[in-house]
Structures are given as structure tokens and as C-alpha cells.
Amino acid sequence: MSDLLKNPVLGNDDIKSEIDGKLQQEEIKFEGTSKAEEREKEMAPPNSIHRSGSRPQLDVSGAAIQGNFEEKDPTILLPNQSDDISHLALDIGGSLIKLVYFSRHEDKSVEDKRKRSLKQRFGIPNGNRRSYPILGGRLHFVKFETAKINECLDFIRSKQLHCGGMVARWPSDGMTNENVVVKATGGGAFKYTDLFKERLGVSLDKEDEMDCLVSGANFLLKAIRHEAFTHMEGQKEFVQIDQNDLFPYLLVNIGSGVSMIKVDGDGEFQRVSGTNVGGGTYWGLGKLLTKCKSFDDLLELSQRGDNSTIDMLVGDIYGGMDYSKIGLSASTIASSFGKAISENKELEDYRPEDISLSLLRMISYNIGQIAYLNALRFGLKRIFFGGFFIRGHAYTMDTISFAVDFWSKGGAKAMFLRHEGFLGALGAFMSYEKHGLDDVMVHQLVERFPMGAPYVGGKIHGPPLGDLNEKISWMEKFVQKGTEIIAPVPMSPPGTTGLGGFEVPLSRGDTLRSDASSLNVGVLHLVPTLDVFPLLADSKMYEPNTIDLSDHGELEYWLTVLSEHLPDLVDKAVASEGGTDDAKRRGDAFARAFSAHLARLMEEPAAYGKLGLANLLELREECLREFQFTDAYRSIKQRENEASLAVLPDLLMELDGMSEVDDFDVFKERMLGSGNTKPPPHKRALLFVDNSGADIVLGMLPLARELLRRGTEVVLVGNSLPALNDVTAMELPDIVAEAAKNCDILRRAAEAGGLLVDAMINIQDSSKDELPSVPLMVVENGCGSPCIDLRQVSSELAAAAKGADLIILEGMGRAIHTNFNARFKCDALKLAMVKNQRLAEKLLKGNIYDCVCRFEPAN
Ligand SMILES: CC(C)(COP(=O)(O)O)[C@@H](O)C(=O)NCCC(=O)O
Ligand SMILES: [Mn+2]
């Protein structure tokens with residue numbers, strides 16, 4: 001099916017950088033429009049990323065009542081409000097405060113003529129974004145120690161999370177906090193009511209803890225693709241939950257104490273059991289026995305422990321033998337802490353490490369066992385474990401998993417949740433009447449992992465980061481201290497507890513993570529305009545990534561490739577911002593941040609969820625944007641486009657002079673037919689374009705022209721945000737307009753597609769009396785990466801796809817790294833140059849710079 005050919009036109013990454021004008025930084029302002037903002041609006045690509053300014057402020061200019069004036073509490077819209085305004089919910093537990101807040105951003109997408117004409121053509125309804133409730137923004141997850149509640153209050157104040165959200169109540173309470181009510185659950189919601197009123201002026205609206213745990217868990221399991229995972233013998237495996245087959249399940253929440261809840265549906269549950277031996281027990285007893293100051297220290301200690309010095313093992317009783325008749329190996333714990341009774345030792349004679357591990361195993365095993373017995377009692381196959389006791393700690397999870405596996409004889413599996421500690425807080429958030437999350441779909445959520453935000457799923461330390469400058473300083477500080485942020489190093493095999501039965505861990509220390517410093521929780525972006533690409537043959541089975549990074553060798557290889565490319569990318573990024581000192585400082589911070597991501601992923605590949613190469617490449621782009629490099633290749637792209645446009649007329653002449661277009665068997669037959677049969681042209685082709693310059697101008701546009709000539713409508717699908725030298729949807733109309741000056745076919749089609757509205761002035765050979773042409777259109781794909789995950793594309797692409805019967809995916813990122821194995825409902829052509837020797841050999845049995853042309857006709 002796959003042919004390898006040489007093609008000099010596709011792909012071009014070897015381009016030198018050039019200094020470009022620096023983008024002015026965003027200014028937060030209250031009224032009017034600053035020059036900086038006007039400039040940014042002009043330059044911002046559709047749905048451009050938000051550039052966070054300093055502290056969020058309310059801009060009440062232009063405030064207007066939405067809906068009925070007679071209503072008691074009408075909604076007031078703040079049209080000029082441009083920064084984070086949040087909804088906040090809290091879970092105040094005995095040990096930790098968990099906080100979930102939502103920040104909404106101004107919709108910066110530009111409704112230009114191209115978009116208006118697309119909307120008409122594809123029947124996209126106006127305002128597919130609900131004006132209220134809030135949707136389109138970010139969900140943040142933050143935690144604090146309850147003992148340091150003042151830090152939490154400072155954080156809320158500094159971010160103004162207590163200011164009541166996007167709506168103010170009319171008319172009496174306006175923008176003051178007086179009648180602002182914050183949803184809260186957990187015992188602290190009662191205990192700290194007065195403190196919140198005193199310090200922040202807000203009232204805590206108490207929500208039932210069990211209600212919250214269940215609705216938080218249900219939301220996560222339905223809305224996040226890789227939320228649940230199993231953890232056995234050090235191996236983490238993500239589990240795809242079928243939304244329609246979620247219930248019933250047992251939810252085990254391990255906080256200070258433990259609740260076991262049988263969940264039968266949304267809001268349908270029963271607390272069937274629990275145990276008072278939980279996280280508080282581990283911490284409390286551990287503190288007394290080891291003098292450890294914190295839970296995390298205690299957990300850390302356990303990693304160096306050997307519990308056999310203190311636990312009584314089956315072998316201790318049976319003279320080193322297994323008790324195989326009842327399935328107990330010699331190394332099975334017969335009695336936790338049991339050795340202490342027969343030895344003439346005092347507490348000081350035991351190592352704190354051993355005590356901590358013994359305690360951890362005792363408690364985790366006990367919870368796992370009770371959970372399984374309850375699952376058995378109610379015939380539940382699935383058990384999900386949450387709560388901050390787990391802390392992503394490999395040993396804890398392995399111990400719980402072992403207990404469930406052992407007692408169920410392999411019939412039941414323990415599953416864990418990435419947002420383990422935030423179930424209650426999320427549930428409290430869900431209890432706001434209008435939060436907009438009720439019917440969020442998996443494909444509308446994108447998780448991102450911003451760097452430099454110690455409060456975002458990170459360790460509890462330092463003041464909240466306000467702006468980019470603080471973030472950069474934070475990165476610099478870490479580097480100076482030589483801690484945490486380290487360059488990628490050759491890695492050891494993925495961590496394993498080597499549990500292999502309920503035995504002494506074979507490996508510990510470095511390979512066992514306590515994970516207290518990185519909770520593996522990112523920021524959840526809600527993007528209501530994302531859709532599943534409707535032409536996927538089977539969206540449930542679709543896997544965008546071709547290369548599986550769970551293979552250790554692949555992971556190491558690609559992390560090294562990205563690490564080696566970093567200096568060159570930083571040079572380009574800094575040059576794209578004028579090479580100023582500020583740009584250099586940001587470039588440095590970006591390099592450190594991205595290196596830290598790579599180091600983190602080397603250490604724990606599944607830290608950010610299921611990892612594929614596409615995620616890595618996207619992470620790099622996101623990281624660039626985080627440090628305000630909005631388009632590192634901007635001037636390089638421009639120069640390449642200009643150079644290519646200059647030779648386009650010659651190429652078109654050459655192509656027109658050819659008797660037959662270079663082609664391959666099946667595609668050729670589909671396009672040109674054989675013998676006397678002339679196949680009908682495709683109705684509409686979607687061309688997923690890739691790079692700027694020769695790639696688009698001399699490759700994809702001439703291909704589009706051939707299709708148009710045959711009467712096929714052409715939709716050019718470009719990126720929503722810049723990524724490397726990829727051409728964006730915003731840039732395409734100008735490129736097409738330039739190309740159209742040399743080509744009637746392109747010109748008429750672009751005109752018919754609404755692309756040339758403003759750009760028709762200099763057309764040299766326009767004749768007015770031509771027949772109307774099939775249209776050439778441009779849509780954005782919803783991505784800002786060199787790869788594309790077709791489960792999450794823009795609504796305009798999804799709409800355009802509905803009438804398409806040919807898909808052309810072009811470029812290494814879109815056609816090889818992702819979608820190489822994707823199957824579609826219609827004809828699909830995958831074209832790419834392979835710019836990596838190893839990939840060329842392994843995947844295609846070819847060589848670097850070979851080109852792939854893969855044609856897969858519709859079934
Ligand atoms: C980043 C890319 C996917 C972009 O390729 P494109 O999609 O533009 O063809 C590709 O250049 C890539 O995989 N680069 C790393 C390969 C290497 O340098 O070996
Ligand atoms: Mn590209």
C-alpha cells in the first residue's frame with residue numbers, strides 16, 4: 001500500500017533564522033483600547049492563546065444586563081473584561097485544602113470575511129458558544145496544607161478568586177464580595193466559615209462531601225480520556241472508560257479517613273463502608289514513631305525502607321518456607337509490626353525508614369482488602385481509588401493493587417485517578433448551578449502542563465506567581481539553586497517497585513517516586529468549539545500517535561532528539577522577538593522549562609497522562625507560547641513564501657506542459673481512471689497543509705489546482721496557531737491571493753470560496769466573463785502543533801468535513817507521526833517526506849528524505 005518516492009518539493013526545515021519585530025507585551029487596562037492591544041488583535045491568530053498579564057482586574061466598562069431586566073438577579077455581562085475571572089470551589093479537609101478554580105478568557109477569535117463565508121457555506125450556526133454559563137476557559141487545581149490556611153487565603157486574594165465570577169448581582173452588591181458565596185465541602189467548610197468571612201468577605205456554601213466526591217469522580221471519568229489507570233508492579237497503564245458502561249462502581253476515597261461509596265449513576269450513590277484507618281493514621285502514627293515532620297517526608301522515608309525488619313513474615317513463622325497450601329509465600333506479611341513483639345528492641349532500635357514502609361504497607365493493604373470485600377459484597381467489578389493519601393505514590397498504588405488482585409484472584413482491578421485528591425473540590429465546583437461543565441465532552445477538554453507555577457499541581461511552596469516575569473524569575477531561581485529543574489539525563493528503566501507479590505521491594509530510592517512535588521495534574525482547558533473529526537472510520541479505536549513512547553527505547557530516542565534541537569529553536573525564537581535582552585531572558589527560561597519537562601518525562605513517562613510523540617511536539621509549542629514566543633518562525637516563513645511565490649509561475653507552466661502528472665497506481669486510477677473509464681471527480685477534498693514556503697506554494701497549491709481543475713472543491717486546512725514553520729489558517733488567504741495572481745484556476749476558485757474579497761486589486765489577467773468555479777476555501781484545524789489529533793478539531797473543520805470525500809494529509813507530523821494508521825470513511829492520501837533516518841528505517845524500511853505516498857480508498 002505504501003510507496004516510497006523521492007520528491008524534492010515536500011518539507012523544508014533547514015532554514016536559517018532571521019530577526020523579526022518584537023511583539024509588544026500585553027497590557028491590562030481598564031478602558032479604551034491600548035496600542036499594544038490593537039496591535040495584538042491585528043496579529044493574533046484565530047482563537048489565539050491568551051497572554052496572561054499581571055493581576056486580574058475587573059473591567060466593568062460597557063457592562064450590560066443580559067436577558068430580562070425584571071429578573072431578580074439578572075446576569076450582567078462585562079464585554080470588556082479581558083482577563084481571568086474565576087469561579088472557585090474548595091474542599092477543606094483535615095490535612096489539605098484542595099482548590100479548583102475556573103478562569104475564563106476573552107474570546108479573541110476574529111470573525112473575518114473568510115469565517116463569515118464559511119459559516120454560510122457549511123451551515124455553521126452563529127454563536128456556537130453559549131454566552132452563559134461560563135464555558136471556554138481553564139480549570140486549575142491547587143492544594144495547600146490546612147495548617148497553612150493563610151497561604152490559601154492569600155492565594156485566593158492575590159488571584160481575586162473570591163470576586164464572584166463573571167457575573168455580578170444586580171443592583172445592590174455590584175462588584176463587592178459581600179454576597180459572594182463560594183462553594184465548599186469537607187469539614188473545614190464548617191470550621192473555617194468565619195475565617196473566610198473575616199479575611200475575604202465571602203460566605204462558604206457547604207456542600208455534602210459524599211455528593212461532591214461522587215460528582216467529581218463521575219465528571220473526571222466521563223470527561224477526561226486518560227483519567228483512570230492501573231498500577232501493578234511499577235507499571236502504569238491507562239484505562240479507557242466507556243462512558244456508557246461506567247456504573248456501577250466502587251469509589252474509595254482515602255483522605256484522613258476512608259469512605260467507600262457504591263456509585264450507581266449521577267447523584268445516585270450509597271456510602272456502603274469506610275475505615276478509620278486511613279491517611280491520617282499513616283501520618284499520625286508515622287509522626288509519633290519516626291519524628292517525621294510532614295506526610296511527604298514520611299512517604300519519602302518509606303522509599304528507603306525494608307519492612308521485613310519489623311513485619312512478621314510467613315517465612316519467619318514457617319522457618320523460611322512458603323505456606324503454599326493457602327497461597328502464601330514466605331515473604332508475605334503475616335503480621336504487620338509483628339516482629340516487634342518477639343525482639344527485645346526499643347523504638348530507637350528500628351530504622352524510621354523501615355517503620356514508615358511497614359506502616360504504609362499495613363494501611364494500604366488493609367484499605368485494598370476492605371475495598372475488595374465491599375466490591376464483592378455488591379458485585380462491583382470496578383474499584384476506583386482516590387484521595388490525597390495516594391499522592392501518585394507507586395508503592396502505595398502497587399500495594400493496594402496487590403491486595404485487590406490477590407483477594408479477587410485476579411478478577412478485579414484497582415484503578416486510580418490522576419486527579420485523585422481533587423474529587424471533592426471538583427464536585428463542589430460542579431454544584432454551582434451554572435458552571436457549564438455538565439455536558440462538557442471529552443473532545444472539548446485539553447490538558448496542558450504549564451511550567452513555573454508551583455501552585456498548579458505542584459509542591460506547596462513559594463508565593464503565587466503573578467505574571468511572566470515572576471515565572472521567569474522562578475525558573476532562574478531554581479537553576480541557581482541547582483534543584484529540581486535539571487537538563488535531561490540518560491535515564492534508568494522506568495521505575496518499578498518490583499513488588500512481585502506482597503514482598504520486599506527490589507528497587508527503591510530513586511526509582512520510587514513519592515510524587516509529592518508533582519501531582520501529574522495539569523490545567524484543563526475547556527474549548528467548546530472542538531469537535532471529533534466526522535470522517536474517522538472509528539473514532540473510538542482511533543489512536544493519533546504512530547510511535548508508541550511506552551517503548552523505552554523510543555522514548556529515550558525522541559526525548560534526546562528534542563533535547564538536541566532545543567538550542568537551535570531557542571535561537572530562532574529569540575530572533576523572532578528581535579533578539580532583545582527580554583527575549584533572551586524568556587528564551588533561557590523557555591529552554592529551562594522545556595528541559596525540565598523532558599527530564600520529568602524521562603523520569604516518569606506517564607507523568608502527564610498517556611504519552612505519544614505528538615504530545616511531546618505539542619508540549620514544545622505550548623511551552624514556547626507560555627514564554628510568549630507566539631510565532632518563532634514568523635519571518636522565516638515569510639521569506640520562504642516569497643521565494644517560492646517567485647518561482648511558482650515557472651512551476652505551473654512546467655506542470656501544464658506535462659502529459660501526465662506523476663502518480664501512483666491506485667491513486668492514479670482513482671483520479672484518472674483506466675482505459676476509457678473516467679471516474680467522477682471527488683466532490684470535496686480536505687488538504688491538511690504543512691509547511692510554509694516551497695511546501696505550500698510549490699507543492700500543495702499546485703495539487704489543489706489539479707483538483708479544482710477536475711471540479712473538486714478544495715478546502716485548505718491550516719493550523720489555528722503557529723507551530724514551527726507550519727503555515728497557519730490566518731496566513732493562507734494572503735498566500736493564495738499572491739499565488740492567484742499567476743493562475744486563473746486558483747483565482748476563480750479562491751474568489752468563489754470567499755478568499756479574495758480584499759485581495760483582488762492587482763490581478764493581472766482577470767477576465768470578467770468566466771464561468772463560476774468550484775470554490776477554494778480555508779479552514780483552521782483547531783491545533784497549534786505540527787501533529788494533529790483528529791479527536792479534537794475545530795468546529796469549522798468538522799463542518800467542512802461533512803461534505804468531503806477525499807482527505808489529503810501532508811507532512812511528517814500530520815501524516816506520519818500522527819494518522820499514519822488512521823482509517824477514514826472516505827478516500828485518504830497521506831503524503832510526507834521522512835526527515836528522520838531511524839523512523840524511515842523502522843516504519844517504512846526506507847531512508848531519510850524518502851517521501852511517502854499512501855493512498856487508502858474508502859471501503
Ligand atoms: C517536527 C516535525 C514533525 C515537522 O515535520 P513536518 O510535519 O513539517 O514534515 C519533524 O520535523 C520531526 O519529526 N522532526 C524531528 C526529527 C529529527 O530531527 O530527527
Ligand atoms: Mn511542518
Side-chain angles (χ1 to χ4, degrees), residues 4 6-15 544-549 553-569 572-573 594 598 612-624 631-634 636-637 640-641 644 687-700 716-729 731-732 735 780-781 783-790 808-820 822 829-844 846-854:
L4 294 172
K6 294 269 177 215
N7 178 341
V9 172
L10 298 175
N12 192 353
D13 274 348
D14 288 333
I15 350 178
N545 282 290
T546 309
I547 298 167
D548 183 3
L549 294 186
E554 289 293 346
L555 177 73
E556 196 172 17
Y557 174 76
W558 286 102
L559 289 178
T560 311
V561 165
L562 292 197
S563 179
E564 283 170 2
H565 283 182
L566 197 51
D568 179 56
L569 180 60
K572 285 189 168 75
F594 190 59
L598 297 181
L613 183 53
N615 309 95
L616 269 185
L617 291 169
E618 186 170 13
L619 183 69
R620 182 169 69 177
E621 297 302 325
E622 278 301 321
C623 197
L624 275 169
D631 193 355
Y633 279 71
R634 189 186 306 121
I636 298 169
K637 291 191 292 184
E640 286 280 307
N641 286 340
S644 306
L687 273 57
F688 289 77
V689 299
D690 180 13
N691 300 330
S692 307
D695 198 346
I696 177 72
V697 176
L698 306 177
M700 292 309 269
L716 300 174
V717 185
N719 259 23
S720 296
L721 293 175
L724 298 175
N725 59 335
D726 293 352
V727 65
T728 66
E731 294 160 352
L732 275 168
I735 297 172
E780 61 172 314
N781 61 11
C783 310
S785 157
C787 298
I788 185 164
D789 179 342
L790 292 169
I808 302 183
L809 284 157
E810 193 241 331
M812 189 164 166
R814 292 168 189 79
I816 297 186
H817 287 329
T818 50
N819 302 306
F820 190 66
L829 180 66
K830 296 166 186 174
L831 301 170
M833 177 189 278
V834 195
K835 293 170 282 187
N836 176 282
Q837 180 64 30
R838 176 185 161 110
L839 191 68
E841 282 170 23
K842 281 187 96 166
L843 189 68
L844 306 153
N847 267 311
I848 189 163
Y849 305 131
D850 279 348
C851 283
V852 174
C853 174
R854 208 178 207 216

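Side-chain atoms are counted along with the backbone in the values below, which use heavy atoms only and exclude waters and symmetry mates. Whatever order the structure lists them in is the order used to number ligands and atoms, beginning at 1.
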> Is it true that His565 lies under 4.0 Å from ligand 1, counting heavy atoms only?
Replying inline: yes

>> Distance check below 2.8 Å: does Asn725 bring an N, O or S atom to the Mn ion (ligand 2)?
In response: no

>> Suppose we only allow N, O or S atoms; which atom of Asp690 ends up nearest to the Mn ion (ligand 2)?
In response: OD1

> If the Mn ion (ligand 2) is the vertex, what is the angle to OD1 of Asp726 and OD1 of Asn691, rounded to 10 degrees?
Replying inline: 90°

> If you count the atoms of ligand 1 from 1 in the order shown, which ones are under 4.0 Å from a heavy atom of His817?
Replying inline: 3 (C), 12 (C), 13 (O)

> In ligand 1, which numbered atoms sit nearer than 4.0 Å to a non-hydrogen atom of Met812?
Replying inline: 5 (O), 6 (P), 7 (O), 9 (O), 10 (C), 12 (C), 13 (O)

> So is Arg814 polar-close to ligand 1, meaning N/O to N/O under 3.5 Å?
Replying inline: no

> Roughly how far, to the nearest 0.5 Å, is NZ of Lys842 from OH of Tyr557?
Replying inline: 10.0 Å

> At a 4.0 Å threshold, what atoms of ligand 1 neighbour a non-hydrogen atom of Gly813?
Replying inline: 3 (C), 6 (P), 7 (O)

> With sequence neighbours left out, what residues match Gln837 under side chain to side chain contact (heavy atoms under 4.5 Å, CB included)?
Replying inline: Glu841, Asn847, Ile848

>> Using a 4.0 Å cutoff against the non-hydrogen atoms of Gly811, which atoms of ligand 1 qualify?
In response: 7 (O), 9 (O)

>> Under 2.8 Å from the Mn ion (ligand 2) - does any N, O or S atom of Asp695 fall there?
In response: no

> In ligand 1, which numbered atoms sit nearer than 4.0 Å to a non-hydrogen atom of Asp690?
Replying inline: 6 (P), 7 (O), 8 (O), 9 (O)

> Do any nitrogen or oxygen atoms of Asn725 lie less than 3.5 angstrom from nitrogen or oxygen atoms of ligand 1?
Replying inline: no

> Where does Leu724 meet ligand 1, judged by heavy-atom distances below 4.0 Å: at the side chain, the backbone, both, or neither?
Replying inline: side chain

>> For a 4.5 angstrom cut-off between non-hydrogen side-chain atoms, does Asp726 reach Arg814?
In response: yes

>> Is it the case that the side chain of Lys572 and the backbone of Leu724 share a donor-acceptor pair, with hydrogens and angles ignored and the cut-off at 3.5 Å?
In response: no

>> So for ligand 1, is Lys835 a polar contact partner (N or O within less than 3.5 Å, distance only)?
In response: yes

>> Which of the numbered atoms in ligand 1 are under 4.0 angstrom from any heavy atom belonging to Asn691?
In response: 8 (O)

> Should the pair Arg838-Glu554 be classified as a salt bridge under the 4.0 Å nitrogen-to-oxygen rule?
Replying inline: yes

> Who passes side chain to side chain contact (heavy atoms under 4.5 Å, CB included) against Asn615, sequence neighbours left out?
Replying inline: Asn545, Leu611

